[in-house]
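One structure below.
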Amino acid sequence: MDPVRKAAHTPSTAPDGGPAIPTGGGTSGTGCGATRTGTESPRTGGASAPTVPDRRALRRERLLATATELFTARGYPATSIERICASAHVSIRAFYEEFESREALLIALHNEVARAGMEATLTVLSDPATESATTRERITSLAHAFLDAVTTDASATRIAFVEIVGAGRPVEEHRLLWRSLWTDFLTGEAERAVERGEAAPRDYTLAMVALIGAVNELIAHWARNSTTLTRDRLADELTRHALATLGIAVDSVPADHTFVDSAPVDGVSTGGIAASDALTD
C-alpha cells in the first residue's frame, strides 16, 4: 500500500490523508522550512506600521534566529533563556509569551527541519511518475529530496540532528513522535516493494526503526563534518542503507528476480530468496 494511503488509515494522520506533521514548540505557530533567512515577517497594509500580531511574529522569529546562532556556536546545554533574550533584545516575559520553555524553543527549531523533510518526500510522491517507478528509483528520489530539504541550512541541521539529542524528556517525546511517523511512512514503502516483488515479504517495522537511527546518525555526522563531506555522498550512502534494508541491490533489481514467502528447504529457511536461488541439495 502506498505510504500516504496507508497513513490515511492510522490515528496520526492529517485530514488530507498524508502523515500528520506535528507543529509543537510554542504557543503560536510558525511556517515550515529548514532555512532561516532573517527576521522579517509579512506585514499587512503595505508600508503601514506593523500590527500586534506582526510584532509578535517578528519577535518570535528573532528569538528563533538568535537561538539558532547560539545553539550552533555554544551548544544547547550551555545556552540559557537569559542569554537568548539578551542577544535577541527581548524580555524574558516576552519569551514566555512565545515559548513555554527552552525545550519548547528547541522543539520549534527541530520541527521546522522535520516538516521540511517530510514535505519534500510527499512532494516526490505526488509526482505521477513516482507511482510507476521501481523501488530503487523511488527510494533514490526520496532520499535525495529529503536530504536536500534537511541540509539546506547547516546550522539548522546541526540543531535538528546533534543538539536535539539528550535535550530532555519533552524533546525526546517529540522526537519519538516523528520517529513513529517516519516508521509508518517507510514501512509503507517496504510494503509497496513487497507487492511489486522487489523485496522479501516480512515485517519491516523494526528494520525501519533501525534505518531511521542510521539516517539520523549519518546526518549528524555530516553536520559535524559538512566542510569535508558532500551532500551528494551523504545522499548516496543513505540510499544504499535504505535499499540494503529492503534487500535490493543498489544498481538494479533483475526483472526476473521475484521474492517468495520464506519456506523451509530441507529444514533451512530461504528467508525470502528468489525461488530459483533457494538452497537445494
Side-chain angles (χ1 to χ4, degrees), residues 21-120 148-175 177-178 216 219-220 222-227 231:
I21 301 179
T23 59
T27 57
S28 61
T30 63
C32 66
T35 305
R36 185 164 307 288
T37 57
T39 58
E40 294 184 359
S41 179
R43 296 184 180 186
T44 59
S48 61
T51 64
V52 172
D54 287 333
R55 288 196 295 271
R56 286 201 59 176
L58 288 168
R59 182 177 66 190
R60 180 185 176 88
E61 184 64 23
R62 193 160 64 248
L63 285 168
L64 289 168
T66 301
T68 297
E69 295 175 1
L70 292 174
F71 291 165
T72 302
R74 298 172 52 85
Y76 173 77
T79 304
S80 65
I81 290 175
E82 289 77 9
R83 180 175 288 275
I84 294 171
C85 291
S87 299
H89 304 291
V90 172
S91 69
I92 292 178
R93 177 180 178 180
F95 176 94
Y96 283 108
E97 290 178 357
E98 302 299 330
F99 302 101
E100 296 177 356
S101 62
R102 186 176 61 138
E103 289 84 358
L105 172 57
L106 181 62
I107 287 172
L109 290 171
H110 173 270
N111 214 38
E112 290 188 343
V113 178
R115 284 175 60 93
M118 178 63 81
E119 290 175 356
D148 284 347
V150 303
T151 60
T152 298
D153 183 324
S155 295
T157 304
R158 181 178 180 87
I159 290 171
F161 292 91
V162 178
E163 300 301 328
I164 198 80
V165 178
R169 183 174 178 178
V171 178
E172 187 59 24
E173 289 176 350
H174 176 77
R175 293 181 69 216
L177 172 60
W178 273 104
N216 287 341
I219 299 176
W222 176 86
R224 300 184 187 99
N225 303 275
S226 59
T227 58
R231 294 200 298 174

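Residue numbers run from 1 in the order of the sequence given. All figures in this text were calculated on a predicted structure; none of them were measured in a lab.
For Ala88, the side chain to side chain contact (heavy atoms under 4.5 Å, CB included) partners at least two apart in sequence or on another chain are Arg62, Leu63, Thr66, Val90.
In this structure, Arg102 is positioned above the aromatic face of Tyr76, its NZ or CZ under 6.0 Å from the six-membered ring centre and within 45° of the axis.
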Requested in this report: Determine, stepwise, if the pair Arg175 / Glu172 fulfils salt bridge (Lys or Arg N to Asp or Glu O under 4.0 Å).
Outcome: CA-CA 5 Å; Arg175 293 181 69 216; Glu172 187 59 24; 3.0 Å; yes
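Atom CG in Leu106 sits 8.5 Å away from atom NE2 in His174 (nearest 0.5 Å). Remark: Thr151 OG1 to Arg231 CZ distance equals 4.0 Å, nearest 0.5 Å. One distance of note links CD of Glu103 with CD1 of Ile164; it measures 10.0 Å at 0.5 Å rounding. Interatomic distance, CZ of Phe161 versus CD1 of Ile219, reported as 4.0 Å (0.5 Å rounding). Taken from OG1 in Thr72 to CG in Asp153, the straight-line distance is 8.0 Å, to the nearest 0.5 Å. Ile92 CD1 to Ile81 CD1: the interatomic distance, rounded to the nearest 0.5 Å, is 7.5 Å.
Pairing each heavy atom of Ile84 with each of Leu70, the nearest pair is CA-CD1, 3.8 Å. Of all the heavy atoms in Cys85 and Ser91, the pair that sits closest is SG-O, 3.9 Å. Heavy atoms only, all atoms of each residue included: Phe99 and Ala108 are closest at CE2-CB, 4.0 Å. Taking every heavy atom of both residues into account, Arg56 and Glu97 meet most closely at NH2-O, 2.7 Å.
Inter-residue side-chain proximity for Glu163 and Leu109 is flagged as unmet; no heavy-atom pair is nearer than 4.5 Å.
A donor-acceptor pair is defined here as one N or O able to donate and one able to accept, closer than 3.5 Å; no such pair exists between the side chain of Arg83 and the backbone of Ala78.
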